[in-house]
Colleague: 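Input: one structure, supplied below.
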Amino acid sequence: MIRNKEFRILLLCNSLAFVLITMLLLAFEVNKKALALILGILLILDIVTYFYEKRRYREIAKLSEMIGKVLNGDDGIDFTSCNEGELAILSSEISKMTSNLRDKSNKLLEDKVELANSIYDISHQLRTPLTSMNIVTDMLSSDDLIEEKRHEHVRELKSSLKRIDWLIESLLKISKIDAKTAKFEIKEIKMSDLIKKSLEDFRIVMELKDISLDLKGEDFNLELDMEWSVEAIANLIKNCLEHTKPGGSLSIETSDNAIYSQILVKDSGEGFVKKDIPYLFDRFYKGENASKNSIGIGLALARSVIVAQNGTIQASNIYNHETGEVLGACFDVRFYKSVV
């Protein structure tokens, strides 16, 4: 404590004041008893001040030691032990700051783990098509390969390249949304235009598989980014078509109320396995009924786009209420008109 400059100045000032008051009292020939009483009171005040300051600096040193422990990674420090005026306020603020820093540190750690898992998942997803491409390339380099097989392998190569391209593009889109750098141009659009554009790329597939389309509901205006929303709804339609057998059906129902605008995308496929439903929108998750070429990124992208536009999405099965038989799958998309 003596090493503290502030305390040394205080001690020096008290000593000088004591000497000065003593000289003044002697100069005015004050009664010896009165002089002794005054000097005794001054001495007591100095002693009280000394012990008070000593206690305060001990608390400051304790606080400093606790901060040092926190900086060294000790999470079990309790800053509420200080109960003295300004020091109590200071310790409370430091406690809040360390709690905030601890939360940020934990979040950074979680982000690192998530990043490591994402890199592992991405490498795993790329490994399959790249392995296939390597094998096909070796086959194409053979001089004995007949022309028909050569064309077949070239088609396989193009398919693998297309898959890699789609995977990378989808991951970039999700990353932009997660980092909040994706630009959403929110404009008033018609629901009928959104559904029409979302279906454009699937007309031929539906015709080839003889899948019927049933559009229900009213047309209305809503405020969304058209391109991003088409991306989301198209991924839901793609998922439904992949699980709908030839001769099946696809249904899209739209409705609007004072709280939200709703889109229901339904198919007549085998539905979802119950244990898969909570994880369907997780990145790289593949359910039991996932198609062979599924990557597990389309539904994750759809959810990211919908949530970014103040929306929600849920997946469920459609049941026959009498028999309990699964009649298909349903995606329930809702865009809310106020923050939820």
Side-chain angles (χ1 to χ4, degrees), residues 121 124-125 128-129 132 156 159-160 162-167 169-171 173-174 194-217 229-254 262-307 311-334:
D121 289 333
H124 179 73
Q125 294 296 332
T128 303
S132 175
E156 289 176 10
S159 176
S160 296
K162 190 176 180 181
R163 184 182 179 189
I164 291 173
D165 183 59
W166 184 84
L167 171 62
E169 189 178 343
S170 298
L171 286 170
K173 287 175 181 177
I174 292 176
L194 173 59
I195 301 302
K196 183 181 177 182
K197 287 191 175 185
S198 300
L199 284 164
E200 277 180 359
D201 293 338
F202 306 105
R203 297 285 185 182
I204 296 173
V205 175
M206 292 174 68
E207 188 176 337
L208 291 172
K209 292 180 69 175
D210 191 27
I211 295 174
S212 62
L213 175 64
D214 185 15
L215 298 178
K216 299 177 183 178
S229 300
V230 166
E231 182 87 39
I233 304 303
N235 273 303
L236 302 183
I237 294 171
K238 178 176 177 287
N239 185 277
C240 286
L241 292 177
E242 285 177 350
H243 296 87
T244 302
K245 294 177 180 179
S249 64
L250 175 72
S251 170
I252 301 177
E253 300 176 22
T254 58
Q262 184 179 39
I263 304 171
L264 296 175
V265 183
K266 304 176 182 179
D267 65 41
S268 59
E270 69 270 37
F272 304 114
V273 177
K274 279 188 178 181
K275 67 176 183 179
D276 291 334
I277 292 177
Y279 312 104
L280 286 174
F281 301 102
D282 290 353
R283 207 173 301 180
F284 299 115
Y285 183 80
K286 293 182 184 180
E288 253 185 52
N289 294 334
S291 61
K292 186 177 69 173
N293 295 322
S294 173
I295 297 175
I297 201 74
L299 293 182
L301 175 57
R303 182 183 63 175
S304 294
V305 171
I306 291 164
V307 170
T312 61
I313 181 170
Q314 289 183 327
S316 61
N317 286 325
I318 306 167
Y319 293 96
N320 182 322
H321 295 296
E322 293 180 359
T323 64
E325 180 189 359
V326 176
L327 302 177
C330 175
F331 290 106
D332 183 350
V333 179
R334 301 181 184 187

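Please read all numbers here as calculations on a predicted model, not as lab measurements.
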Colleague: For Phe272 and Phe331, I'd like to know if the aromatic rings sit close, meaning centre-to-centre distance below 6.0 Å.
Modeller: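 Yes, ring centres under 6.0 Å apart.
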Colleague: To the nearest 0.5 Å, what is the distance between CD1 (Ile211) and OG (Ser268)?
Modeller: 7.0 Å
Colleague: Work out which heavy atom in Ile297 is nearest to a heavy atom in Arg283; give both atom names and the distance.
Modeller: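 Of all heavy-atom pairs spanning Ile297 and Arg283, the closest is CD1-CG, 3.3 Å.
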Colleague: Sub-3.5 Å donor-acceptor pair from the side chain of Asp210 to the main-chain atoms of Met206, do we have one?
Modeller: no
Colleague: Would you say that Val305 contacts Asn235 through its side chain, given a criterion of any heavy-atom pair below 4.5 Å between the two side chains?
Modeller: no
Colleague: Taking the side chain as everything from C-beta on, heavy atoms only, tell me whether Val333 gets closer than 4.5 Å to Val265.
Modeller: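 No, every pair of side-chain atoms sits at 4.5 Å or beyond.
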Colleague: Measure the NZ-CG distance between Lys216 and Leu264 for me, rounded to the nearest 0.5 Å.
Modeller: 10.0 Å
Colleague: Is the shortest side-chain N to carboxylate O distance from Lys173 to Glu169 below 4.0 Å?
Modeller: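 Salt bridge flag = yes for Glu169 with Lys173.
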Colleague: Should the pair Asp276-Lys274 be classified as a salt bridge under the 4.0 Å nitrogen-to-oxygen rule?
Modeller: no
Colleague: Taking atom CG of Leu280 and atom CD of Gln314, what is their separation to the nearest 0.5 Å?
Modeller: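 Those atoms lie 11.5 Å apart.
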Colleague: Evaluate the criterion side chain to side chain contact (heavy atoms under 4.5 Å, CB included) for residue pair Ile195 and Leu215; output intermediate values, then yes/no.
Modeller: CA-CA 9 Å; Ile195 301 302; Leu215 298 178; 4.0 Å; yes
Colleague: Quick one: does Asn317's side chain have a donor or acceptor within less than 3.5 Å of a partner on Val326's backbone?
Modeller: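 No, the answer is negative, given that no donor and acceptor are paired below the 3.5 Å cut-off.
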Colleague: Set out, in order, the CA-CA distance, both residues' side-chain angles and the distance that settles side chain to side chain contact (heavy atoms under 4.5 Å, CB included) for Ile318 and Asp267, then state yes or no.
Modeller: CA-CA 9 Å; Ile318 306 167; Asp267 65 41; 6.0 Å; no
Colleague: Could you work out, with side chain to side chain donor-acceptor pair (under 3.5 Å) as the rule, every residue matching Lys245, not counting sequence neighbours?
Modeller: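 Result, side chain to side chain donor-acceptor pair (under 3.5 Å) vs Lys245: none returned.
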Colleague: Rounded to the nearest 0.5 Å, how far apart are CZ of Arg203 and CG of Leu199?
Modeller: 5.0 Å
Colleague: Other residues, nucleotides and ligands only: do more than 12 of their heavy atoms fall within 6.0 Å of OH on Tyr319?
Modeller: yes
Colleague: What pair of heavy atoms forms the shortest contact from Ala232 to Ile306, and how long is it?
Modeller: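 Ala232 and Ile306 have their closest heavy atoms at CB-CG1, 4.0 Å.
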Colleague: Residues in salt bridge (Lys or Arg N to Asp or Glu O under 4.0 Å) with Lys238, at least two apart?
Modeller: Glu242
Colleague: Restricting to side chain to side chain donor-acceptor pair (under 3.5 Å), what partner residues turn up for Asp332, sequence neighbours left out?
Modeller: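 Asp332 satisfies side chain to side chain donor-acceptor pair (under 3.5 Å) with Gln262, Arg334 once adjacent residues are dropped.
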Colleague: Might you work through the side chain to side chain contact (heavy atoms under 4.5 Å, CB included) test for Ile313 and Phe281, ending with a clear yes or no?
Modeller: CA-CA 9 Å; Ile313 181 170; Phe281 301 102; 3.5 Å; yes
Colleague: Measure across Cys240 and Lys266 and return the closest heavy-atom pair with its distance rounded to 0.1 Å.
Modeller: SG-C, 4.5 Å
Colleague: Identify the heavy atoms of Ile277 and Ala315 that sit nearest to each other, and give their distance.
Modeller: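 Closest approach of Ile277 to Ala315: CG2-O, 3.5 Å.
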Colleague: For the atom pair CG (Leu250) and OG (Ser212), what is the distance rounded to the nearest 0.5 Å?
Modeller: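 Going from CG on Leu250 over to OG on Ser212, the span is 8.0 Å.
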Colleague: Is the closest side-chain heavy-atom distance between Ile263 and Leu194 below 4.5 Å?
Modeller: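 Contact flag for Ile263/Leu194 side chains = yes.
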Colleague: Would the number of heavy atoms belonging to other residues, nucleotides or ligands and lying under 6.0 Å from CD1 of Ile204 be above 12?
Modeller: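 No - once you tally the heavy atoms of other residues, nucleotides and ligands closer than 6.0 Å, there are 12 at most.
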Colleague: So which heavy atom on Ala234 is nearest to which on Ser198, and how close?
Modeller: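 Closest heavy-atom pair between Ala234 and Ser198: CB-O, 3.9 Å.
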Colleague: Heavy atoms only: give me the nearest Ser249-Thr244 pair and the separation to one decimal.
Modeller: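 What the structure gives for the nearest pair is N-CG2, 3.8 Å.
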